[in-house]
Amino acid sequence: MKIVVIGSVAAGTSVAAKARRNNEKNKITVYEKGEDISYSVCGMPFYLGGEISDLETLIPRDTNWFKKRFNVDIFTETEVVSIDEVNQKLRLKNLATGELFEDYYDKLVLATGATPRIIAPFNLNYQNVFTMHNMADTRAIDNYLKTNSCQNVVIFGTGYVGLEMMEQLKHRGLNVTLIQRSSQIMTNYDGEMAYRAELIILENGVNIIKNVTTKKIIEKDDIIHTIVLNDGTQIPTDLVILATGVVPQTSLVDHMNIAKGPSGALKVSADMATSIPNIYAVGDIAESFSVIDGSPLYRPMGSTANKMGRIAGDAITGGQLRHRGVLGTGIVRLFDVTVAQTGFTERIANAKGYEVEVLYNIKPGHADYLNGTENIIKAIVDKKTGKLLGVQIIGKDGVDKRIDVFATAMSFGATVSDLFHLDLAYQPLYATTKDPVLYTGMALDNALNGRRLLTPTKLYQLLQDGQKIQIIDVRSKKQYDQQHIDSAISMPLGDIRKRISELDKNILTVTYCNKGVTGNAAQNLLINLGFANVYNLSGGHKNYKMVVNYIKYSKIKH
């Protein structure tokens, strides 16, 4: 059997390696249009910022290594011009010589990835406009910075690539402006969580402009020096980075009657087969699906590409590996803060019709007496099943390991009550006795069993609507006097029993402290004393202030 793979970055080389491990007799050929193979796309921004000193360390293997290790023939600078799916033939071009030739396949794997989305009026003919997609892009940006006097850079897009480039070019000493077409950066997050990330970026001296498009550009000799936005703002720039997402690279198969998903990527079965016989698709050209509900999900990530490649290589050679979907897990560093998410946002969960409970959990990543710093965890659970639907975390301390625990639990269908029983590693340097993961599970399990939570957004809306609410601030009188929620009464937890006659048992009651724990204790007390309708404000007063600031900010700005 002859296996041909088109593309040789994360997914394509994974196909070839796994197929060879399973079978020594098959002929395996890989064609790559570019010069480099099997390189780390995700490491490229860190070279530009100086955290990686040698770009070549991102290319750990070359064609000779694959030939010697796996007996796989990889041909670089070789473009597949067309595919004849009926006769299973390929037409190719050697880009170095211009020579045209043909090849055939028994099994064909498309690992052509995706192409950067270019937004008008920009194009790559301008000398100082770049995308960040491959090693050639990285070399070109680095060379431009070294050979030109650059002070100002404008980055379009606030996904992970845009934010990584923002951080690294700021480290390099440039003045950075982020441009986002929509009213929110980091659109894979809920608005109030993205707002927290936005404040971090602003605190580090980066300019952010949202809800705008480019009206025109002012250039000279194919170098853009000013960008004029539709609101009239003029931004001087020496360098423009387009990080506005990617489009699945399907041009080779667009002539076929091949099934595509809503994202425009190719539909694939669990063994990565497309709707065309003997043609498979892996990586950024292939659409995945949600672990949670099976719906189509396109999240082009290197980790997913590697996984898909291994599955396809195994399936083609008779193995039993099958794709199980993704959660869309992602993580990014914003200077000294880490931001991560997995699964659905609250916004998406509501749009899909789930009845959700939402927890904001503010806890240190490890013992505060050893300088542990706070994480803010937002967790969304399905009230019907008790299963987590999504988690978002922002903090400096252990964010990566917590998001991975949540993603693991969700992948295996754990309920929030299961989280509390996890036997996680504890030592004060690394965790708290009630790890933030365990506490999240415990608090959400309580919420599903009578200890209900009220989000800041919901409380704010109720107050704006004039709803009669009994709000009890159970912090100290000193904290209350410094700042409190409008209409709240001061009743420290230790005073509630002796002042219980001041409260009405039959109206909606909301308790709150600074972060949520003491508010929960007050909620338990009131329920046990016969109060009918008691909620604890999720995340306490600290979270309420932040969310209300976000609500007001959103209305002013947009």
Side-chain angles (χ1 to χ4, degrees), residues 45 48-49 116-133 137 141 144-145 148-246 332 334-335 337 339 546 549-558:
L48 293 174
R117 183 178 285 111
I118 307 299
I119 57 170
F122 300 97
N123 64 67
L124 299 182
N125 292 325
Y126 292 107
Q127 294 183 43
N128 62 337
V129 175
F130 300 91
T131 58
M132 187 61 174
H133 189 63
D137 290 339
I141 295 170
Y144 192 86
L145 288 170
N148 293 273
S149 177
C150 295
Q151 291 183 320
N152 302 305
V153 59
V154 175
I155 300 174
F156 286 84
T158 59
Y160 292 129
V161 173
L163 294 175
E164 287 167 353
M165 289 296 289
M166 172 271 299
E167 183 203 55
Q168 292 301 308
L169 293 178
K170 186 67 177 175
H171 284 331
R172 193 158 175 158
L174 278 72
N175 300 319
V176 181
T177 297
L178 282 175
I179 305 290
Q180 173 66 31
R181 183 172 184 173
S182 66
S183 60
Q184 177 190 317
I185 69 167
M186 304 183 76
T187 55
N188 287 341
Y189 291 74
D190 281 316
E192 79 282 8
M193 296 297 281
Y195 173 67
R196 294 173 189 266
E198 183 175 333
L199 294 179
I200 293 163
I201 295 169
L202 293 171
E203 287 168 1
N204 281 276
V206 174
N207 185 30
I208 301 175
I209 305 175
K210 300 180 294 180
N211 231 22
V212 293
T213 56
T214 302
K215 182 178 180 180
K216 67 177 182 178
I217 52 181
I218 301 173
E219 56 89 20
K220 182 179 180 181
D221 299 328
D222 290 330
I223 297 176
I224 297 172
H225 60 80
T226 305
I227 297 170
V228 183
L229 302 177
N230 63 326
D231 64 357
T233 302
Q234 295 192 18
I235 308 171
T237 188
D238 303 304
L239 182 72
V240 177
I241 304 292
L242 302 180
T244 50
V246 295
V332 66
L334 303 178
F335 303 100
V337 175
V339 183
M546 177 66 76
N549 285 343
Y550 161 69
I551 294 171
K552 293 177 179 178
Y553 167 81
S554 299
K555 290 178 179 178
I556 293 171
K557 300 288 285 187
H558 314 301

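The residues of the chain are indexed from 1 along the displayed sequence. This is a predicted model, so every value here is computed, not measured.
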- Task: Indicate the atoms forming the closest heavy-atom contact of C150 with Y144, along with that distance.
- Result: SG-CE2, 3.8 Å
- Message: Could you tell me if the side chain of V240 sits less than 4.5 Å from the side chain of I217, heavy atoms only?
- Response: no
- Query: Is any side-chain heavy atom of V332 closer than 4.5 Å to a side-chain heavy atom of M186?
  - Reply: yes
- Quick one: are L48 and M132 in side-chain contact, heavy atoms under 4.5 Å? yes
- Message: Has Q180 got a side-chain atom pairing as donor or acceptor with T187's backbone, closer than 3.5 angstrom?
- Response: no
Contacts under 3.5 angstrom, residues 198-205 side chains, donor-acceptor by atom type, not counting sequence neighbours:
| from | atom 1 | to | atom 2 | distance (Å) |
| --- | --- | --- | --- | --- |
| E198 | OE1 | K210 | NZ | 2.8 |
| E198 | OE2 | K210 | NZ | 3.2 |
| E198 | OE2 | Y553 | OH | 2.4 |
| N204 | ND2 | I200 | O | 2.8 |

- Main-chain N/O of I224 paired with N128 side-chain donor or acceptor, under 3.5 Å: yes
- Query: Run the side-chain contact (heavy atoms from CB on, under 4.5 Å) check on V161 and V246 step by step: do they pass?
  - Reply: CA-CA 11 Å; V161 173; V246 295; over 6 Å; no
- Query: Do you know the tightest heavy-atom contact between Q184 and G191?
  - Reply: OE1-CA, 3.4 Å
- Task: Output the distance between atom CE (M546) and atom CZ (R196), rounded to the nearest 0.5 Å.
- Result: 5.0 Å
- Message: Let me confirm one number: the CD1-CD distance from I155 to E164, rounded to the nearest 0.5 Å.
- Response: 10.5 Å
- Message: For the CG atom of D137 and the CD1 atom of I241, what is their distance to the nearest 0.5 Å?
- Response: 8.5 Å
- Task: Dump the intermediate steps for side-chain contact (heavy atoms from CB on, under 4.5 Å) on I179 and F156, then the final yes or no.
- Result: CA-CA 5 Å; I179 305 290; F156 286 84; 3.6 Å; yes
- Query: Can you tell if the side chain of I208 reaches within under 4.5 Å of the side chain of T158, non-hydrogen atoms only?
  - Reply: no
- Query: For T233, does its backbone N or O pair with a side-chain atom of D231 as donor and acceptor, under 3.5 Å?
  - Reply: yes
- Item | Any side-chain heavy-atom pair of L178 and L163 under 4.5 Å | yes
- Item | Reported CD1-to-CD1 distance for the pair I235 and I218, which is rounded to 0.5 angstrom | 11.5 Å
- Pairwise side-chain contact, I227 with F122, heavy-atom cut-off 4.5 Å (strictly under): yes
- Message: Rounded to the nearest 0.5 Å, what separates atom OH in Y160 from atom CG in N188?
- Response: 6.0 Å
- Look at the rings of F335 and H171 and say which category their plane angle falls in: under 30° parallel, 30 to 60° tilted, over 60° perpendicular. perpendicular
- CA sep, side-chain torsions, deciding dist, call: M165, I141, side-chain contact (heavy atoms from CB on, under 4.5 Å): CA-CA 11 Å; M165 289 296 289; I141 295 170; 4.2 Å; yes
- Heavy-atom closest pair, residues Y126 and E219: CE2-CG, 3.8 Å
- Message: Go through it in stages, so that I can follow the logic: the residues are E167 and L334, the test is side-chain contact (heavy atoms from CB on, under 4.5 Å), and I'd like the CA-CA distance, side-chain angles, deciding distance and then a yes or no.
- Response: CA-CA 7 Å; E167 183 203 55; L334 303 178; 5.8 Å; no
- Report yes if some heavy atom in the side chain of V129 is under 4.5 Å from a heavy atom in the side chain of L242; otherwise report no. yes
- Note on the structure: Closest heavy-atom pair, G157 versus T244, reported as atoms and distance to 0.1 Å, is N-CG2, 4.2 Å
- Note on the structure: Heavy-atom closest pair (L239 atom, L145 atom, distance to 0.1 Å) is CD2-CD2, 3.9 Å
- Distance-minimising heavy-atom pair for P236 and N152: O-CB, 3.6 Å
- Note on the structure: Sorted by chain and residue number, the salt bridge (charged side-chain N to carboxylate O under 4.0 Å, His left out) partners of R172 (sequence neighbours excluded) come out as D142
- Message: Within the structure provided, determine whether T214 and L229 are in side-chain contact (heavy-atom separation under 4.5 Å).
- Response: yes
- Message: Could you measure the distance from the CG atom of D222 to the CG atom of N125? Nearest 0.5 Å is fine.
- Response: 7.5 Å
